[in-house]
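The chains referred to below are lettered A, B, ... by the order of the sequence lines, with proteins before strands, and numbering in each begins at 1.
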Amino acid sequence: MTGVDIVIEFKDVNKSYKNGKVALSNINLKIDKGEFVFLVGSSGAGKSTFIKLLLKEKEVTTGKIIIEGQDITKIPRRKIPQFRRNIGVVFQDFRLLPNKTVYENVAFAMEIIGQSSKNIRRRVPFILGMVGLSDKAKFYPHELSGGEQQRVSIARAIVNKPSLLIADEPTGNLDPSTAKEIMNLLMDINRRGTTIIMATHAKDLVDKMRKRVIALDKGKVVKDEERGTYNYDK
Amino acid sequence: MTGVDIVIEFKDVNKSYKNGKVALSNINLKIDKGEFVFLVGSSGAGKSTFIKLLLKEKEVTTGKIIIEGQDITKIPRRKIPQFRRNIGVVFQDFRLLPNKTVYENVAFAMEIIGQSSKNIRRRVPFILGMVGLSDKAKFYPHELSGGEQQRVSIARAIVNKPSLLIADEPTGNLDPSTAKEIMNLLMDINRRGTTIIMATHAKDLVDKMRKRVIALDKGKVVKDEERGTYNYDK
Amino acid sequence: MINSIMYNIKEGVKGVVRNPTMAVVSIGSVAASLFILGIIFSIVLNVNNFTMLIQNQFDKVQVYLEKDLSSQDIFNLKNQIEEIDGVKDVTFESKEDALNKMKKRWGKESYLLEGLDNPLQNSYIIEVEELEDIGKVAEKLKKFNGIEDVRYYRDVVKKLMKFSDLVKTSGIFIIVLLASLSLFIISNTIKLALHSRKKEINIMKYIGATDWFIRGPFIIEGIILGGLGALLALCVTYFGYDYFYNKFSVPSYSVFSIYILPISSIVDSLFLIFMVMGIGIGIIGSIISLRRYLKV
Amino acid sequence: MINSIMYNIKEGVKGVVRNPTMAVVSIGSVAASLFILGIIFSIVLNVNNFTMLIQNQFDKVQVYLEKDLSSQDIFNLKNQIEEIDGVKDVTFESKEDALNKMKKRWGKESYLLEGLDNPLQNSYIIEVEELEDIGKVAEKLKKFNGIEDVRYYRDVVKKLMKFSDLVKTSGIFIIVLLASLSLFIISNTIKLALHSRKKEINIMKYIGATDWFIRGPFIIEGIILGGLGALLALCVTYFGYDYFYNKFSVPSYSVFSIYILPISSIVDSLFLIFMVMGIGIGIIGSIISLRRYLKV
Ligand SMILES: Nc1ncnc2c1ncn2[C@@H]1O[C@H](COP(=O)(O)OP(=O)(O)OP(=O)(O)O)[C@@H](O)[C@H]1O
Ligand SMILES: Nc1ncnc2c1ncn2[C@@H]1O[C@H](COP(=O)(O)OP(=O)(O)OP(=O)(O)O)[C@@H](O)[C@H]1O
Ligand SMILES: [Mg+2]
Ligand SMILES: [Mg+2]
């Protein structure tokens, strides 16, 4: 059954940017359905690049990325939106729509997949409650603190119950206790079957959770460990 | 000598935003010259607001903020640039100029205070070396990782050797070892006489350094402790 | 379906309301460009109309009859003239009529003409169908018996025709040119307006919105802004023109009188042009300018 | 000082180069607006010139002299006429001259005039200084002895004067209007361009840059974009006008001929207007539009 359960597979993936910078080199790895994977590595190691490739925000230079049996480096332009909708993403820079309120930002993710407004009206407040932002529903992004923006980004990522959730530094702007709550939330989602890939610098969280840890250094995988810890050879 | 050494004093400061949100209430505190102060508190507690008031990015609703004997809530508009130049700031959202390279972003801070281009050419590479970005001097901000952008922001804040350095979450996007290096850098600067105010969620750093900790909760000071730790009553 | 249309309209209106600077600037630019177009359009229509009116003054040949013709001769002559190709109408002007006209023209000095033995001649005034044929008709008339003199504004006619050609050609040229320039300015405005929302559009794409889902509200926004701009331009043009009309129009049809078309006779075409251009540009401009930002 | 000027220029140029979309759009808008202004300006100048040329055809009164005047009488008459207020020039046209003219005008039919006992009269052609005075002068001439008839284009003159007033008034009106609209469009463009750099300007303020330090490069940018736009507009106008001129101009000075001013006679004013407007707007637009973003 090995072949069936693989959600994501990187095959000889290389990524260099236009200015010549090699951000990822020779990445080969498989991530199974339902796994919880930490992506660690020092600043500039290539974590965000890894995530951007998964989302087709950037294109691989060489190699293949196969998701659910489909080589995403080859899917046609018009099928990209459909593909992205199955993935919930928390971006490192949040990417909230500046002209929409917190409520509307989260609702927007449901609108684009054609959810009924009845469903939206029921689910959005529920999710905002989960991330602790019920009282900020009518705020605009620029009226929020850094941590609040991050939580809106998380709410938007999980509102559609995606089968794959990718989070880039989702606790970077959060205090330890809020961070712990958010981690519990992600664990919960993971237990219900969602595959989660999370780039993070939060050593204590990684060490405590004992999940699979993939460490990047200068664009290379330097560690890939089940039930691992944050530490990696530099 | 008490009066002379006070660099910053908050007197009954209240801040509520246009939408009615009370971000800070009744803040009274003094910070001496050469102190290193951690500003902690959960997400949305008011840390960034505190910092924005210090910079006159936002105006107090009531109360006074006195810096070096001058009530900054009353300084005329045209004197604000002069005032801001004495303060180095690391913003939570980095605020790099998108159309300037890393080098130019840092150099810009020197240009506005009228430094000679000879000085600039000598000092900027030196500072970039200190934050570990020598090889990224010609990159534009959008070509940098989150942590790299944060370090550019730090480089820009310290390049002019300000007498007061304010840093909002300067290690939020950094891995533990880079974070430690940056903290050592800040300590160093502090030892040479610069007053530092740093908002942070990095519990382990705060606990290890044992400096003054001011904890905010829902806009109120709930703890103000010399040689304190991150923990605070919620 | 209805749901989706409602969504687009709702979002489009929100887009307008939440970017007031951009809305004002866009509406203003559309209105300004169309207003310029309106001015030129009005000028060309009027000059064209004016030239045609002048032409009507000159598409006539007057032939003076010899003094000793009998009424029968005169009558026969009329029949002969009417048979010439290109002749539209033939009117008799007796020498008494001519004298009366002259008296009228002389106004208060007309007493000089009183008691005079009428020195004028009977004449026929011949209207031609096409101004171009007037030369040929005149040539033929010269060969008739009983006609003493043939008069028409030969030089004037030639030059008038050249002038009218010039007005038509350059009018069309200028209108086409201005329409393109307006298009250019408006689509620039849209391009810039979208440029400052580039990030917003990118974000939508990154979370899985389809191109049409993103375009919808922007197109509605384009329609609203373009339409409002067009209406504004129409109002300004309407009242401006009307003011001008009341100030300068002289209701007379003779040569060099200032006959301005009333606003009512051009407002329909203006409305159509403005609306089609304003809204059309809004839509096309949105779609084209969005294209580059949707490529992520 | 020199240092700071160099800094501003360097940064201004960088600003242009690093925002190519904005640069193209701004230059295009400036050029388009000025080009429209150029067209209208050329039209108004030409119509004005044209009206003046036509007026020159009509600022003459012709007086026909009685047949039995002696040369002495004729000579005295001339002196008398020259003493009338508003008379500029008096030219004698003998009946022989008149006949020759007529022969020329009749062209190939002039043989009809051969051998004829000259039926025409001697006349004086009187030029007036101001077209408005022509009525008064004519009145006075009528009272003179020895003058049989006084002729001038009374109606035409009246209407021509009204027309010329109209052209002048509406010309100035339209030019002022268009200049304002161009200003509006260009400053809108600048406003939008700056809007998408609002964050950049804010950041500069937050790290302690003074207003003038921020403005400097933007002003230089405004000058570059405005100047390039003006130059582009000048080129297009120049060659467009020249093409038009070569196509339509008829080098003749008579009524209704199409006399177009040569490009050389308007290129200087165009250059001045375009440059002042382009660069002026670039500077003023930058300063005004920056104001709201500098308030942090
Ligand atoms: N658009 C780009 N063009 C050029 N180089 C880039 C671009 N984006 C990223 N890079 C470079 O690629 C390297 C990897 O960047 P990436 O964002 O993947 O790092 P990261 O692991 O996410 O770091 P961080 O923890 O600081 O966010 C960095 O050195 C960065 O400077
Ligand atoms: N411009 C604004 N308008 C309205 N409310 C605001 C504005 N800026 C901040 N707030 C609110 O004020 C409160 C304090 O915000 P602040 O940014 O100071 O928090 P913080 O302590 O920096 O949080 P974090 O650790 O998440 O960055 C928050 O609840 C936020 O929603
Ligand atoms: Mg990253
Ligand atoms: Mg904050």
Locate the shortest heavy-atom distance separating A:Ala199 from A:Ile51; write the atom from each residue and the value. CB-CD1, 3.9 Å

May I ask you to list the residues in residues 201-212 of chain A that approach chain B closer than 4.5 angstrom, counting heavy atoms only, ordered by number? A:His201, A:Lys203

On a heavy-atom basis, which atom in B:Ile27 and which in B:Gly219 lie closest, and how many Å separate them? CD1-O, 3.5 Å

All heavy atoms of A:Ala107 vs all of A:Val124, minimum pair found to be CA-CG2, 3.8 Å

So CE of B:Met198 and CZ of B:Phe36: to nearest 0.5 Å the spacing works out to 5.5 Å

Roughly how far, to the nearest 0.5 Å, is the CD1 atom of B:Ile67 from the CD1 atom of B:Ile72? 4.0 Å

Take B:Asp168 and B:Ser48 through the test side chain to side chain donor-acceptor pair (under 3.5 Å) and record every step on the way to the result. CA-CA 7 Å; B:Asp168 196 352; B:Ser48 296; 2.6 Å; yes

Positions in residues 97-104 of chain A that reach chain B, provided some heavy atom is under 4.5 Å away: none

Can you check whether anything in residues 145-158 of chain B gets within less than 4.5 Å of chain A, heavy-atom wise, and list it by number? B:Ser145, B:Gly146, B:Gly147, B:Glu148, B:Arg151

Please flag which part of B:Lys47 lies under 4.5 Å from any non-hydrogen atom of chain A: side chain, backbone, both or neither. neither

Calculate, to the nearest 0.5 Å, the distance between atoms CD1 and CG belonging to B:Ile87 and B:Leu54 respectively. 6.5 Å

Which portion of B:Phe139 sits near chain A, non-hydrogen atoms under 4.5 angstrom: side chain

When every non-hydrogen atom of B:Leu53 is compared with those of B:Ile65, the smallest separation belongs to CB-CD1, 3.8 Å

In sequence, state the C-alpha distance, the side-chain angles, and the governing distance for A:Arg123 and A:Val159, and then conclude on side-chain contact (heavy atoms from CB on, under 4.5 Å). CA-CA 7 Å; A:Arg123 184 147 173 87; A:Val159 73; 4.0 Å; yes

Judged by modelled atom types alone, do B:Tyr17 and B:Thr49 share a side-chain donor-acceptor pair under 3.5 Å? yes

For A:Asn173, is it the side chain, the backbone, both or neither that has a heavy atom under 4.5 Å from a heavy atom of chain B? both

So, the part of A:Lys138 with a heavy atom under 4.5 Å from chain B: the answer is neither

The interface call for B:Lys18 against chain A, heavy-atom contacts under 4.5 Å, is neither

For B:His142 and B:Tyr140, take the angle between the two ring planes, folded into 0 to 90°, and tell me which bin it lands in: parallel under 30, tilted 30 to 60, perpendicular over 60. parallel

Evaluate B:Asn14 against B:Thr62 for side chain to side chain donor-acceptor pair (under 3.5 Å), listing each step before the verdict. CA-CA 5 Å; B:Asn14 285 282; B:Thr62 62; 3.1 Å; yes

Least distance between heavy atoms, B:Lys21 atom then A:Lys136 atom: NZ-NZ, 3.9 Å

Okay, side chain of B:Asn160, backbone of B:Pro162: is any donor-acceptor separation there less than 3.5 Å? no

Can you list the residues that meet the salt bridge (charged side-chain N to carboxylate O under 4.0 Å, His left out) rule with A:Lys56, with sequence neighbours excluded? A:Glu59

